[in-house]
There are 2 protein chains.
Amino acid sequence: MKIGEASDLSGLPAKTIRYYEDIGLVQSGRRENGYRDYGGQEIHKLRFIQRSRSLGFTVEQCRTLLSLYDDPDRTSADVRALAETHLEEIELKIRELAGMRDTLSQLVETCHGDHRPDCPILNDLAGDAETARSSRV
Amino acid sequence: MKIGEASDLSGLPAKTIRYYEDIGLVQSGRRENGYRDYGGQEIHKLRFIQRSRSLGFTVEQCRTLLSLYDDPDRTSADVRALAETHLEEIELKIRELAGMRDTLSQLVETCHGDHRPDCPILNDLAGDAETARSSRV
DNA sequence: TTAAACTTTCCAGTATCTGGAAGGTCAAGC
DNA sequence: GCTTGACCTTCCAGATACTGGAAAGTTTAA
């Protein structure tokens with residue numbers, strides 16, 4: 001099948017599929033006219049990558065996951081270690097974002113959001129903790 | 001003061017300060033020898049940006065925040081709107097990451113992580129929902 | 001025959017720095 | 001006076017993961 005159908009079946013834009021080929025992630029055959037040609041194997045790989053990416057694995061991690069998948073001598077410990085590392089990164093990221101969210105939502109709450117220029121958000125950003133705090137009362 | 005001290009006082013790497021100058025975010029004076037020269041105003045701006053970036057605002061949002069800060073005719077509504085937009089983006093990102101975390105932690109839990117190749121994580125990525133599910137019991 | 005819908009390659013741009021090379025400046029110590 | 005080391009300068013390239021667009025070739029349908 002051509003790249004358009006591969007795109008439909010994998011859920012990946014054609015551009016992205018070509019990009020994955022460029023970086024050596026998923027090869028494809030070629031027809032006589034130069035068009036890429038995909039079969040079940042490739043679609044399976046593409047879907048595997050799509051799913052992995054949707055779970056936040058980096059492209060390089062996808063490469064590793066694919067090679068583990070293809071390796072009959074892999075151990076589930078290897079796979080699990082990779083997933084755990086990634087999970088920890090996600091949890092770290094969530095904590096960082098939650099910190100931002102908490103601070104920001106406090107600031108947004110204390111800001112009147114009216115026509116006047118006085119703004120605790122700007123005061124906080126400016127490091128004017130005192131002004132920011134007093135506005136917060 | 002020179003860029004090294006500006007870096008210490010602002011918490012930004014010298015490289016980053018130069019970058020911010022490149023993109024027209026914070027200008028600096030120059031000494032006769034060509035070295036950048038910073039005063040209290042610039043340090044204040046750099047700290048403002050550092051704080052804004054630490055709350056996840058993009059560099060372009062920082063540019064807007066700075067111009068609002070410098071504008072005596074701003075309204076707190078404008079600032080608040082920007083912060084709210086950003087807050088919503090953060091909350092969206094958190095929800096996305098939380099979804100990944102939930103799926104991943106389930107997968108990690110069901111994986112034995114031993115020397116054997118059978119792995120529910122890979123089964124899930126491969127779209128083999130049945131195998132993945134049965135391993136999950 | 002013609003037009004639409006595909007496909008190809010290649011180049012550039014996004015966001016936010018970061019690393020490194022090659023070289024200039026300055027202050028301290030011998 | 002000279003060297004050494006810590007600064008500073010500019011400029012170029014790379015990281016991540018695509019995405020947009022141009023120019024051109026191919027196929028399909030009307």
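Below, all heavy atoms of this structure are taken into account, side chains as well, without hydrogens, waters or symmetry copies. Throughout, protein chains are lettered first and strands after them, A, B, ... in sequence-line order, and every chain is numbered starting at 1. Please read these numbers as outputs of a predicted model, since none were measured by experiment.
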S.K.: Check whether any side-chain N or O of A/H44 sits under 3.5 Å from a backbone N or O of A/G39 as a donor-acceptor pair, and report yes or no.
M.R.: no
S.K.: Could you please name the option among D/dC11, C/dC10, C/dT8 that lies closest to any side-chain atom of A/R18?
M.R.: C/dT8
S.K.: Give the nucleotide from the list C/dC17, D/dG21, D/dC8 with an atom nearest to the side chain of B/Y35.
M.R.: D/dC8
S.K.: For A/K2 and for B/K2, locate the closest nucleotide of DNA chain C by heavy-atom distance; then report the residue assigned to the nucleotide nearer the 5' terminus.
M.R.: A/K2
S.K.: How close or far is atom P of C/dC6 from atom CD1 of A/I17, stated in whole angstroms?
M.R.: 14 Å
S.K.: Please check if the side chain of A/S10 supplies one atom and the backbone of A/A6 the other of a donor-acceptor pair under 3.5 Å.
M.R.: yes
S.K.: Taking only Lys NZ, Arg NE, NH1 and NH2, and the carboxylate oxygens of Asp or Glu, determine whether A/R116 and A/D114 approach each other closer than 4.0 Å.
M.R.: yes
S.K.: Roughly how many Å is it from CZ in B/R63 to P in C/dA15, rounded to a whole number?
M.R.: 11 Å
S.K.: For A/Q61 and D/dT16, give me the distance from atom CD to atom P, rounded to whole Å.
M.R.: 11 Å
S.K.: Looking for any heavy atom pair under 4.0 Å, which part of the strands does B/I23 touch: base, sugar-phosphate only, or nothing?
M.R.: nothing
S.K.: Output the distance between atom CG (A/L9) and atom CD (A/Q50), rounded to the nearest 0.5 Å.
M.R.: 12.0 Å
S.K.: Between CD of B/E42 and CZ of B/F48, what distance do you get to the nearest 0.5 Å?
M.R.: 15.0 Å
S.K.: Distance check: side-chain N/O of A/Y20 vs OP1/OP2 of D/dA17, anything under 4.0 Å?
M.R.: no
S.K.: If you pin B/R30 and A/N33 to their nearest nucleotides in DNA chain D, which one's is more 5'?
M.R.: B/R30
S.K.: Hey, does the side chain of B/T16 come within less than 4.0 Å of C/dT18's phosphate (OP1/OP2), counting only N and O?
M.R.: yes
S.K.: To the nearest Å, give me how far apart CD (A/E5) and P (C/dC6) are.
M.R.: 12 Å
S.K.: For A/E32 and D/dT27, give me the distance from atom CD to atom C1', rounded to whole Å.
M.R.: 15 Å
S.K.: May I ask you to evaluate whether B/R36 reaches the phosphate of D/dC8, defined as a side-chain N or O under 4.0 Å from OP1 or OP2?
M.R.: no
S.K.: Check whether A/R31 reaches the backbone of A/Y35 with its side chain - one donor and one acceptor, N or O, closer than 3.5 Å.
M.R.: no
S.K.: Using whole Å, what does the distance between atom C1' of nucleotide C/dA12 and atom NZ of A/K15 come to?
M.R.: 10 Å
S.K.: How long is the line joining CD1 of B/I3 and P of C/dG24, in whole Å?
M.R.: 19 Å
S.K.: Using five base pairs at each end to define the local axes, how bent is the helix from C/dT1-D/dA30 to C/dC30-D/dG1, to the nearest 10°?
M.R.: 20°
S.K.: Nearest to the A/R53 side chain among D/dC18, C/dT7, D/dC8, which nucleotide is it?
M.R.: D/dC18
S.K.: In this structure, how many angstroms lie between the P atom of C/dT9 and the OH atom of A/Y19, rounded?
M.R.: 16 Å
S.K.: Just by modelled atom types, is the A/K93 backbone N or O under 3.5 Å from a matching donor or acceptor in the A/E96 side chain?
M.R.: no
